[in-house]
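The next block holds one structure in the form of C-alpha cells; read it before the comments.
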Amino acid sequence: MVKVLIVIAILALIAFVAFGQYVGVRNTLVTKNEAVKASWSQVDIVLQRRADLIPNLVATVKGIAQQEQTVFGDIAKARSALLSAGTPSDKIAANRQLDGALGRLLAIVENYPQLKSNENFLRLQDELAGTENRIAVERKRYNDTLQDYNTYVQKFPNNIFAGWAGFKPNEAYFAASEGSRQVPTVNFAPPAATPQSTSPQATPQPAPAH
C-alpha cells in the first residue's frame, strides 16, 4: 500500500511539474504572439500611409504623363489588393506587387523633365521616401519579432506544449529581396560640372556610372 501511495505521489508530482511548465510556456507564447501582432500593426500603419500618398502622386504624374496608362493601372490594382487584403500574408504579397509598380512609376519620371520642377510632385516624393524608410524599419522589427516567436514555438519541449495550446509557427515574413523592397531613388539635382582640362591633349573622361 505504501508503494502504491509513493507511486501515486510521484505521478502527481510529475503531473504538477508538467502542468507548471505548460502554463509557463503558454503564457510566454501568448506574450510573444501579442508582440508579433503589435509589431504587425505598426507595419500596417505605415503601409496604409503609403497607400494614402499614392493617389495624389499618381494624379500629379498622370497630369503630365497621361500616356503611361499601363503603369497607372498596375498601381491601381496593386493598391486595391493591398487595401482589401485580410491577412498579413495577403498584405505582404500585395505590397510586393505595389513595390514593383511604384518603382516603375518613379522610374518614368526621368522621361518627363516637367515633373522635376513640379513642387507638388517633389513634396509627395519626399513624403513617400520618408514613408519608405519607415516601412523598412518597421518591416525589419516585425520580421525579428516573428522570428523570435517561431524559434520559441519550435524548440523542444515548447513545441509539445504549443501544440496542446493551439499555437503554430507563423510564416508570414517579409521576404522580398532588397532590390524589390526599395523605391528607386530619383535624383533631381543637375549633374555636377566636370572640370575642363587646359591641356589640348586631354582626353575627355567618361561620365561616372550611376
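Side chains are part of it too, since the values below use all heavy atoms of this structure and drop only hydrogens, waters and symmetry mates. Along the sequence shown, residues carry numbers from 1.
A salt bridge is defined here as a Lys NZ or Arg NE, NH1 or NH2 lying under 4.0 Å from an Asp or Glu carboxylate O, and R50 with D99 meets this definition. Electrostatic pairing of E138 and R134 counts as a salt bridge here, judged by a charged N lying under 4.0 Å from a carboxylate O.
Inter-residue side-chain proximity for N95 and R139 is flagged as met; some heavy-atom pair is nearer than 4.5 Å. Considering only heavy atoms from C-beta on, P55 comes within 4.5 Å of R79 through its side chain. Using a 4.5 Å cut-off on side-chain heavy atoms (C-beta onward), N159 and K155 make no contact. Between F174 and R96 the shortest side-chain heavy-atom distance does not fall below 4.5 Å. Between L105 and V61, some side-chain heavy-atom pair lies under the 4.5 Å cut-off.
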Give the C-alpha distance, both sets of side-chain angles, the deciding distance and a yes or no for side chain to side chain contact (heavy atoms under 4.5 Å, CB included) between K91 and D44. CA-CA 9 Å; K91 287 196 175 186; D44 208 16; 2.8 Å; yes

Chi angles and distances behind the side chain to side chain contact (heavy atoms under 4.5 Å, CB included) call for L98, I54: CA-CA 10 Å; L98 186 57; I54 287 174; 3.7 Å; yes

For L122 and L115, what are the C-alpha separation, side-chain angles and deciding distance, and is it a side chain to side chain contact (heavy atoms under 4.5 Å, CB included)? CA-CA 8 Å; L122 293 177; L115 284 170; over 6 Å; no

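F19 and V30 fall within a single hydrophobic cluster, where Ile, Leu, Val, Met, Phe, Trp and Tyr side chains are chained together by heavy-atom contacts under 4.5 Å. Residues I75 and I64 fall within the same hydrophobic cluster, defined by Ile, Leu, Val, Met, Phe, Trp and Tyr side chains chained together at heavy-atom separations under 4.5 Å. Linking Ile, Leu, Val, Met, Phe, Trp and Tyr residues whenever their side-chain heavy atoms come within less than 4.5 Å leaves V17 and V25 in two separate clusters. V43 and I45 fall into different hydrophobic clusters, where Ile, Leu, Val, Met, Phe, Trp and Tyr are joined by side-chain heavy atoms under 4.5 Å apart, directly or via other members.
Between L47 and L82, the shortest heavy-atom contact is O-CD2, 4.2 Å. What you find for Q147 and Y173 is that their closest heavy atoms are CA-OH, 3.3 Å. The two residues Q97 and A78 have their closest heavy-atom pair at C-CB, 4.0 Å. Across every non-hydrogen atom of S41 and A38, the tightest pair is OG-O, 2.5 Å. Here the closest heavy-atom approach between residue L146 and residue A172 is recorded as CD2-O, 3.4 Å. Looking at every heavy atom in both residues, D74 comes nearest to R104 through OD2-NH2, 3.3 Å.
With rounding to the nearest 0.5 Å, the separation of CG in L13 from CD1 in I8 is 13.5 Å. Summarising the geometry, atom CG belonging to L128 is positioned 5.0 Å from atom CG belonging to L102; distances are rounded to the nearest 0.5 Å. Considering CD of E68 and CG of N111, their distance stands at 7.0 Å, rounded to 0.5 Å. Rounded to the nearest 0.5 angstrom, R123 CZ and L57 CG are separated by 10.0 Å. For the atom pair CG of N118 and OH of Y112, the computed distance is 14.0 Å after rounding to the nearest 0.5 Å. Taking CG of N56 as the start and CD of E127 as the end, the distance is 9.0 Å to the nearest 0.5 Å.
The backbone N or O of K77 sits nowhere less than 3.5 Å from a side-chain atom of S80 that would complete a donor-acceptor pair. Between the side chain of N150 and the backbone N or O of N170 there is at least one donor-acceptor pair closer than 3.5 Å. The backbone N or O of A35 lies less than 3.5 Å from no partner atom in the side chain of S39, so there is not a single donor-acceptor pair.
Side-chain contact annotation: D148 with T145, donor-acceptor N/O pair under 3.5 Å absent.
Taking Ile, Leu, Val, Met, Phe, Trp and Tyr as hydrophobic and joining them when side-chain heavy atoms fall under 4.5 Å apart, one finds L83 isolated, its cluster having no other members.
Residue E119 qualifies as open at atom CD: its count of foreign heavy atoms under 6.0 Å is 12 or below.
Under the rule for a salt bridge (charged side-chain N to carboxylate O under 4.0 Å, His left out), D52 has no partner lying at least two apart in sequence or in another chain.
Every pair passing ring-ring contact (aromatic ring centres under 6.0 Å, His included) that includes a residue from residues 136-163 is listed here, sequence neighbours excluded: W40-Y142, F161-W164.
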